[in-house]
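Pasting a structure here, questions to come.
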Amino acid sequence: MKILVIGGGGREHALAWKLKQSPRVDQMLCAPGNAGTAAIGENVAIKANDLPALVRFAKENRVDLTVVGPDDPLAAGIVDLFVAQKLRVFGPTKSAARIESSKIFAKELMRAQKIPTAEANTFSDSDEAFRYCERLKFPVVIKADGLALGKGVIIAPDAAAARSTIDAMMNEGRFGDAGRHIVIEEFLRGSECSLHALVDGKNYQLLESARDHKRAFDGDLGPNTGGMGAFSPANNWRTELEDQFDKKIMRPLLRGLHEEGITFRGLLYPGLMISADGARVLEFNCRFGDPETQVILPRMKSDLLPRLEATIDGKIDRYTIEWDARAAVTVVLASGGYPGKYETGKPISGLEEAAKLDHVQIFHAGTKRANGKLVTNGGRVLAVTALGSTIATARERAYDAVSRIHFEGCHYRRDIAMSAIAAVVE
Ligand code: AMP
């Protein structure tokens with residue numbers, strides 16, 4: 001089979017790496033890809049948001065299956081375009097992707113189906129939003145309705161901060177159209193957990209749990225990023241929660257989508273906040289997480305390809321997934337300045353030595369080859385994953401590999417998965 005993976009980050013390298021292991025795959029293409037995907041297949045110089053060019057490419061090159069990595073092309077309707085051309089594609093349609101691309105849509109659906117989530121109100125008028133804020137208990141969470149590269153969620157500690165955030169989003173257009181409508185919601189306390197589910201329209205198959213680290217610096221300080229590291233399994237996910245997750249979250253969600261005339265087929269990943277009274281939904285994502293994919297897929301023993309196909313065909317109930325019992329830890333290496341301004345083109349050294357280590361898998365994100373040399377080409381540069389019998393061992397192995405890799409300005413968190421180890425010691 002000829003497979004095309006759309007996107008060029010660590011998630012896409014991990015997907016391409018896993019799918020390439022399937023005995024049925026003989027050609028792996030990635031658009032636009034990175035230096036990591038180039039090493040296991042062929043990169044195609046088409047950007048992930050150039051939908052017409054991607055459709056044309058898939059048709060002309062008789063691609064058997066396209067797997068869409070990022071949220072933007074899904075929200076723009078790439079799956080609808082592929083389906084219209086009778087091309088096989090993994091991912092939700094434009095209307096199903098609204099569960100991620102419109103926080104207002106997601107919130108209204110959760111409210112209608114009584115899915116546990118933060119109390120929230122939506123606003124299209126900034127004066128109304130200002131007035132509402134005067135009556136609130138702080139902190140509150142202010143969210144741009146649309147996609148904003150993971151930056152459209154602001155936690156406002158007081159009324160002044162809330163006012164300036166509302167102003168920036170609704171009146172100054174900080175997030176363009178994405179911020180014209182906003183959600184203001186209650187701040188939830190607890191610990192976060194990411195769950196991934198292959199959803200085939202009617203049924204779903206849960207993947208192993210993971211936790212990511214969104215803030216830039218150690219101790220959960222600094223600005224939010226795309227994600228600076230992850231570990232799996234999540235230490236706050238308990239099997240008792242699975243029943244609640246099924247009955248209170250997934251079944252009502254599928255029912256709610258069905259009532260809207262929407263069939264969701266693809267990867268659905270709810271971000272959860274876990275507290276003493278159970279799990280509440282922070283958000284729904286409609287694609288694989290980054291860096292969760294880089295920490296989950298190395299633990300998956302089963303072939304991913306037939307499970308993606310079964311998801312498309314509405315037959316996921318015929319499959320189970322076999323998992324490696326070992327834990328995994330992923331550390332992201334980022335460019336100096338990320339998530340703010342950063343420079344690219346810095347030579348990367350030590351990667352080959354690090355990649356030779358046992359139990360270590362390195363996924364590329366912002367990398368490319370220039371004159372034969374590997375250089376940085378984005379904010380998040382590499383994701384270094386290691387497996388181990390415990391989180392502590394996996395973590396040691398990941399950081400051992402990280403210590404061998406160098407590029408100018410490289411920064412990474414030193415405390416990935418520390419919370420899981422501290423919990424074991426207690
Ligand atoms: P979202 O894109 O909605 O998941 O928000 C991004 C991040 O903001 C989440 O991973 C949480 O860390 C934080 N967040 C979002 N909503 C809330 C909330 N209601 N209470 C506390 N933290 C939140």
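Please read all numbers here as calculations on a predicted model, not as lab measurements. Quick note: residue numbers are just sequence positions, from 1. Just the heavy atoms: all of them, side chains too, but no hydrogens, waters or symmetry mates, feed the values below. As the structure lists them, so they are numbered: ligands from 1, and atoms in each ligand from 1.
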If the cut-off is 4.0 Å to any non-hydrogen atom of K214, which atoms of ligand 1 fall inside it?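 Those qualifying, in numeric order: 10 (O).
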Partner of K107 under side chain to side chain donor-acceptor pair (under 3.5 Å), chosen from T117, D145, T122, N121: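 The option that passes is T117.
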Output the list of atoms in ligand 1 that are nearer than 4.0 Å to some heavy atom of E186, sorted by atom number.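 Close to E186: 18 (C), 19 (N), 20 (N).
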So, R163 side chain and D158 main chain: donor-acceptor pair closer than 3.5 Å or not?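 The answer is no, because no donor-acceptor pair under 3.5 Å joins these two groups.
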Distance-only check: which donor-acceptor pairs under 3.5 Å involve side-chain atoms of residues 90-98, not counting sequence neighbours?
residue, atom, partner, partner atom, Å
T93, OG1, A96, N, 3.4

Exam field: side chain R299 to backbone R326, donor-acceptor pair closer than 3.5 Å: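 Judged by distance alone, yes, a pair lies under 3.5 Å.
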Any salt bridge between D400 and R397, counting N to O under 4.0 Å?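 Answer for the salt bridge query: no.
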Could you list the atoms of ligand 1 found under 4.0 angstrom from a heavy atom of K103?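 Counting atoms of ligand 1 from 1, those under 4.0 Å from K103 are 1 (P), 2 (O), 3 (O).
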L188 heavy atoms, cut-off 4.0 Å: which ligand 1 atoms fall inside?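 Once the distances to L188 are compared, the set is 18 (C), 19 (N), 20 (N), 21 (C).
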Lys/Arg N to Asp/Glu carboxylate O, R413 vs D220, below 4.0 Å: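 The answer is yes: the pair qualifies as a salt bridge.
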Which bit of V153 is near ligand 1, meaning a heavy atom under 4.0 Å away: side chain, backbone, both or neither?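 Contact part for V153 vs ligand 1: side chain (C-beta onward).
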Heteroatom distance test (N224, ligand 1): nitrogen or oxygen, under 3.5 angstrom: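 No.
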Side chain, backbone, both or neither: which part of L282 comes within less than 4.0 Å of ligand 1 when only heavy atoms are counted?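 The answer is both.
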Numbered atoms and elements of ligand 1 in range of E185, under 4.0 angstrom, heavy atoms: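 This gives 16 (N), 17 (C), 18 (C), 19 (N) as the contact atoms.
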